[in-house]
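Here's the structure, in structure tokens; my notes come after.
All chains are named by letter (A, B, ...) in the order of the sequence lines, taking the proteins before the strands, and each is independently numbered beginning at 1.
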Amino acid sequence: MNTEPSYSEQEAIRRQSLESIRAAGINPYPAEMFPVNASAKEILSSFTDENKEQWTQICLAGRLMSKRVQGKASFAVLMQDGVRIQLYVNRDEICPGDDKEGYNSLFKKWLDIGDIIGVKGYVFRTMVGEITLHVQELTLLSKCLRPLPIVKTDADGNVYDAFSDPELRHRMRYVDLIVNPDIRSTFIARSKIVSAMRSYFDAQGWLEVETPILQPIHGGAAARPFKTHHQALDVPLYLRIANELFLKRLLVGGLEGVYEIGKMFRNEGMDKTHNPEFTSMEIYVAYKDYDWMMGMVEDCLAHITKAVLGRTTAEYAGNILEFQGPYARIPLFEAIQQQTGIDVSGMDEEQLRNQCKVWNIPTSPDMGKGKLIDQIFGEKVEKTLIQPTFITDYPIEMTPLAKKHRSKEGLVERFELFISGKEVANAYSELNDPIDQRERFEDQLKLANRGDADAMSLDEEFLKSMEFAMPPASGLGIGIDRLVMMLTNQTSIQEVLFFPQMRPESAK
RNA sequence: GAAUCCUUAGCUCAGUUGGCAGAGCACAACACUUUUAAUGUUGGGGUCCUGGGUUCGAGCCCCAGAGGAUUCACCA
């Protein structure tokens, strides 16, 4: 590799400035701590003309976002922790002696937009009324060598030269965060959502745990895994598509409430609601059933929305979502009947397939009864479920890990939570009968042999643990990314992930 | 996986019938001590995504490829 770095004109100029700074005896990347003692946010919210004597000797650090030189005095904008504050820089005040280089060279010539600087001074209000830091000392803290996109907003709020290309924004999320500070609010909300969920569970005495990401058998869900290899053991390993089977082992071990918040990995398509790695929350609570779990979900989501938004409603894709329970609870077959007027609950596989033809719903020969019903539900019902809604009581064929329904033949005790037409959560009264569990896995094998690539594989180690007796329990999985989307009014999963998966950049 | 559209300066974008590569911001130089999309004057900056083809001549037309966006399909 003999790659002579080639710089754009603007990069070359910045590197020349860097050399000039060094030649002047200034370290552009100093080691000393800069003694920050204030924030832009508190200055802008707390400064008044009456208490201005409290706002001296203020030390602020941040990124230089604009520079307006007007001869011997200048205005600049510093962005500190996402908040912009104006600076006033006067030549004779930052350079009180005869040597004016600190202003004429360092500030006017060598400092560029994007540089991180520290400033010390006092707060005042300019003639036009803007709260401004009057700079008395200026320190370069880190030189920026690449030109930063400059986004300007006029008095009417019109944005000019927005940094808006999604590809660039996602590949260089750090630049996105600098020049589009509003996107911080989505990620702050994300952090608060997870934190509120965690504190809710912790308050119930449930234990946060970690289970293996590298698994010898990818169980607990139906999806294509990422495969890798362990050198020392010389065995294949899979990145987990779910953690359900390990959390259930902990139930066997006597932990009565366990939950895990973490990444799952599925080797499938990418679109507005799918990223190959995504965050899920899975929780299992012993001696509960899925009815109890529905109540817990309502209570938990209301708690989260209150903690994050200060209310129980959220606007999403043009609708006002109400997270205060109780949510509608509709059995799957009733939901289909409500939308189509047809009861498909008594139909066998052949009748379901014919009904799909009538409705122009695509099917394939490897689809069993469960998948056909799921397909009908997806086509006819899913999009209509705007407000949080529990769909309950699924056919047994679709759900090999859930307990058989206490009263309805052929169904399992399962619910899914739909919000704005998308699945956000999935829960069961967990199957804990090891004999039944083995049979269910064997049914999955039959589906796999028919060509269903998603059918679950049999996990002997998991079955062994269940044979030691697993307490009756209810389990729940929530797609954290989708929940964050709902609560931050983002319609693309890429906007709630700092670093969404992207295709590799083409070699230039 | 399919269809449609897009890819031109650091950023946002124009680019006429195929005939010298453009604007605003940013950058450089000069001026300017309360501006705020600062201003004025001057200037520099380009692998027009990549590779082929047609043509006297291609940013523009044709073919192939890469990447992106949107919609659809697939995916608990």
Side-chain angles (χ1 to χ4, degrees), chain A residues 6-14 16-17 65-77 84 86-93 103 108-109 112-114 124-130 132 134 144-172 175 179-180 220-224 241-242 244 264 266-276 278 280 362 364 370-371 374-375 378-379 394 398-402 414 416 422-428 453-456 477 479 492 494 502-508:
Chain A
S6 73
Y7 302 120
S8 71
E9 183 196 31
Q10 292 193 43
E11 286 176 281
I13 288 166
R14 282 172 182 245
Q16 282 165 20
S17 295
M65 296 303 286
S66 85
K67 201 168 76 166
R68 300 186 291 277
V69 177
Q70 294 165 66
K72 298 179 186 64
S74 302
F75 289 89
V77 172
R84 300 166 78 98
Q86 183 170 258
L87 306 178
Y88 174 70
V89 182
N90 183 304
R91 185 193 71 179
D92 295 329
E93 295 192 58
Y103 183 80
K108 278 173 70 173
K109 291 195 164 111
D112 293 300
I113 289 171
F124 76 114
R125 194 183 291 276
T126 64
M127 281 166 58
V128 290
E130 180 160 348
T132 300
H134 191 127
C144 175
L145 295 180
R146 289 176 181 257
L148 198 64
I150 308 293
V151 180
K152 296 205 172 190
T153 309
D154 69 13
D156 298 327
N158 300 312
V159 176
Y160 299 84
D161 305 324
F163 180 65
S164 55
D165 180 341
E167 183 185 1
L168 285 176
R169 287 181 49 236
H170 297 150
R171 286 195 198 281
M172 298 195 290
V175 173
V179 304
N180 299 319
R224 277 179 61 191
I241 57 174
E244 174 157 353
M264 303 297 156
R266 298 191 182 176
N267 205 342
E268 291 172 345
M270 295 160 54
D271 60 26
K272 283 174 87 146
T273 54
H274 295 83
N275 195 65
F278 63 99
S280 90
S364 64
K371 271 214 159 188
D374 190 40
Q375 191 80 356
E379 289 284 327
Y394 284 67
M398 302 163 66
T399 319
L401 300 171
R414 171 186 185 179
E416 292 188 304
K422 290 177 189 70
E423 182 195 338
V424 172
N426 181 25
Y428 315 143
D454 288 339
M456 243 179 254
S492 165
Q494 296 189 310
M502 316 228 12
R503 278 200 173 77
E505 225 170 341
S506 56
K508 283 189 179 172

Pi stacking test for A/Phe75 and B/rA38: under 5.5 Å apart, planes under 30°: no
When all nucleic acid strands are considered with a 4.0 Å heavy-atom cut-off, which category describes [X]: base, sugar-phosphate, or nothing?
X	answer
A/Phe124	base
A/Asp92	base
A/Glu93	nothing
A/Lys272	sugar-phosphate
A/Val69	base
A/Thr126	base
A/Lys72	base
A/Gln494	sugar-phosphate
A/Glu11	nothing

RNA chain B stem ranges, 3 or more consecutive Watson-Crick or G-U pairs under 3.5 angstrom: B:1-7 with B:66-72, B:10-13 with B:22-25, B:27-31 with B:39-43, B:49-53 with B:61-65
Donor-acceptor under 3.5 Å ([X] side chain, [Y] main chain):
X	Y	value
A/Arg91	A/Ala73	no
A/Asp271	A/His274	yes
A/Glu11	A/Ser8	yes
A/Lys371	A/Met398	no
A/Asn180	A/Phe163	yes

For nucleotides 13-15 of chain B, give me every protein contact, N/O to N/O, under 3.5 Å, one pair per line with atom names.
none

Distance-only donor-acceptor test (3.5 Å): side chain A/Gln70, base B/rU34: no
Could you please name the option among [options] that lies closest to any side-chain atom of [X]?
X	options	result
A/Arg68	B/rU35, B/rA76, B/rC25	B/rU35
A/Ile13	B/rC27, B/rU12, B/rU35	B/rC27
A/Arg171	B/rG67, B/rC75, B/rU34	B/rG67
A/Asn90	B/rU33, B/rU35, B/rA76	B/rU33
A/Thr132	B/rA26, B/rU35, B/rA76	B/rU35
A/Asp271	B/rG68, B/rC75, B/rA76	B/rC75

Could you tell me how far [M] sits from [N] if I compare only their [atom1] atoms? Round to whole Å.
N	M	atom1	result
B/rC61	B/rU8	P	16 Å
B/rC6	B/rC48	C1'	14 Å
B/rA69	B/rC62	C1'	25 Å
B/rC20	B/rG57	C1'	12 Å

Counting only side-chain nitrogens and oxygens, does [X] get under 4.0 Å of the OP1 or OP2 atom of [N]?
X	N	answer
A/Lys67	B/rU35	no
A/Gln375	B/rC74	yes
A/Lys109	B/rA28	no

Residue whose nearest RNA chain B nucleotide is more 5′ - A/Arg91 or A/Met502: A/Arg91
5' precedence on RNA chain B between A/Asp154 and A/His170 (nearest-nucleotide basis): A/Asp154
Heavy-atom distance under 4.5 Å between the side chains of [X] and [Y], does that happen here?
X	Y	answer
A/Phe75	A/Val89	no
A/Val179	A/Leu148	yes
A/Arg68	A/Gln86	yes
A/Ile150	A/Ile113	yes

Residue pair A/Tyr394 / A/Glu416, side-chain donor-acceptor N/O under 3.5 Å: yes
Distance-only side-chain donor-acceptor flag, A/Ser74 / A/Tyr88, under 3.5 Å: no
Measure from [atom1] on [X] to [atom2] on [N] and round the result to the nearest Å.
X	N	atom1	atom2	result
A/Met127	B/rU33	CE	C1'	11 Å
A/Glu167	B/rU12	CD	P	11 Å
A/Phe163	B/rA26	CZ	C1'	14 Å
A/Asn158	B/rC25	CG	P	16 Å
A/Ile113	B/rC25	CD1	C1'	10 Å
A/Met270	B/rA73	CE	C1'	16 Å

Using the 3.5 Å cut-off, write out each protein N or O paired with an N or O of nucleotides 4-10 of chain B and the distance between them.
unit_1	atom_1	unit_2	atom_2	d
B/rG10	N7	A/Gln10	NE2	3.3

Within 45° cone of A/Tyr428 ring axis and under 6.0 Å: A/Arg414 NZ or CZ: no
A/Ala221 to A/Arg266 - nearest heavy-atom pair and separation: CB-NH2, 3.5 Å
Minimum heavy-atom distance A/Gly220-A/Glu244, with the two atoms named: O-OE1, 3.6 Å
